[in-house]
Structure formats: structure tokens, C-alpha cells
Amino acid sequence: MAQYERSYPQQRSASTAEGEISGWAVGFTFFASMMMLMIGAFHFIDGLAAILNDTFYVARPGYDLELDVTTWGWVHMIGGIIIAGAGIALFTGSLLARIVAIFLAVISAVWGFYSIPYYPVWSILIIALDIGVIWALTAHGRDMALE
């Protein structure tokens, strides 16, 4: 095999050798980055709707954990910007960016769970996207690091 490697030095083998980044890891990290950008945009839009129209979100009867809708909107908007920033940081592939992104995806899923009585379909969509991000970063995120 070594005799052929000298003939084609610019070609890389299809298998992943030690020290090479897995194509799956790059793909899933890119997927998680794009999903974080989208989740951040969704939170921003969610917050903007709450700020512009206080009556847009109405809690169902019997829901004890009520908040001021305008305050909740600002929390969503600021959180959406932070989550989108984490999505941009994921493009670097750094360990710190992955840890922060996983943490923010967990927080976003909790936000989504808390928002279910206000807007159930939207909240479940956000939770599903957060789970996808967490899975993508934990399943193949470690492969992004060069040893």
C-alpha cells in the first residue's frame, strides 16, 4: 500500500486514520449549527410576537405558572440571540462551543416545555429540534477533535 501512496500524495484514503476528522462528525456538527441558528431565530420570533402583542399568548385555564407575556418575550428574544450565537460558534468545532451548545439546547427544551400551555405545537417543534441538536453533538461531536 505504501508504494501507491507515493504515487498519489494529494489523495486521502477513504477510511478514517488516526488524527483525521470523521466526515460524519463534520456533517452532524454542521447540522447542529444550522439547527441552533434556526432555534435561535424561532425563539427570537416567539419573543417578538409576545412583545408586539400581549394577547397573542394566552395560558390555558388552570395553569399555575403564569408570567408577564412581555417579560417572557424579552427573555425569548435575548435567549434566541444567545442560542444563534452558539450556533455560529459551533462552526469552529471547538469543545467549548459544543458544551455551550448542548447546555443551551437543554435550556431551550425546558423553555419549550414551559411554553406548551401557551402554544403547544410550536413548543413541541422547538423541543424536537433541541433533541436533534443534543443528539448530533453528543453522538459525533467527540470525533471533531484532532488528537
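The CD1 atom of Ile124 sits 10.0 Å away from the CZ atom of Phe113 when rounded to the nearest 0.5 Å. Taking OG from Ser108 and CD1 from Ile131, the interatomic distance works out to 10.5 Å, rounded to the nearest 0.5 Å. To the nearest 0.5 Å, the span separating CD1 on Ile51 from CH2 on Trp72 amounts to 12.5 Å. Interatomic distance, Trp122 CH2 to His43 NE2, rounded to the nearest 0.5 Å: 9.5 Å. Taken to the nearest 0.5 Å, the CZ atom of Phe28 stands 14.5 Å off from the CG atom of Leu90.
Using a 4.5 Å heavy-atom threshold, the side chains of His76 and Phe42 count as separate. Using a 4.5 Å heavy-atom threshold, the side chains of Leu104 and Ile39 count as separate. Looking at Trp111 and Asp130, their side chains never come closer than 4.5 Å, going by heavy atoms from C-beta outward.
Ile88 and Ile81 sit in two unconnected hydrophobic clusters of ILVMFWY residues. Membership requires side-chain heavy atoms under 4.5 Å apart, directly or through other members. Both Met36 and Ile107 sit in one connected hydrophobic cluster of ILVMFWY residues. Membership requires side-chain heavy atoms under 4.5 Å apart, directly or through other members. No chain of hydrophobic side-chain contacts below 4.5 Å, direct or via other Ile, Leu, Val, Met, Phe, Trp or Tyr residues, connects Val106 to Leu125.
Tyr114 and Pro117 get closest at one heavy-atom pair: O-CD, 3.4 Å.
With Met38 as the partner, the side-chain contact (heavy atoms from CB on, under 4.5 Å) test is satisfied by one option alone out of Ile83, Leu129, Ile126: Leu129.
Here the side chain of Ser115 pairs no donor or acceptor atom with the backbone of Ser123 at under 3.5 angstrom.
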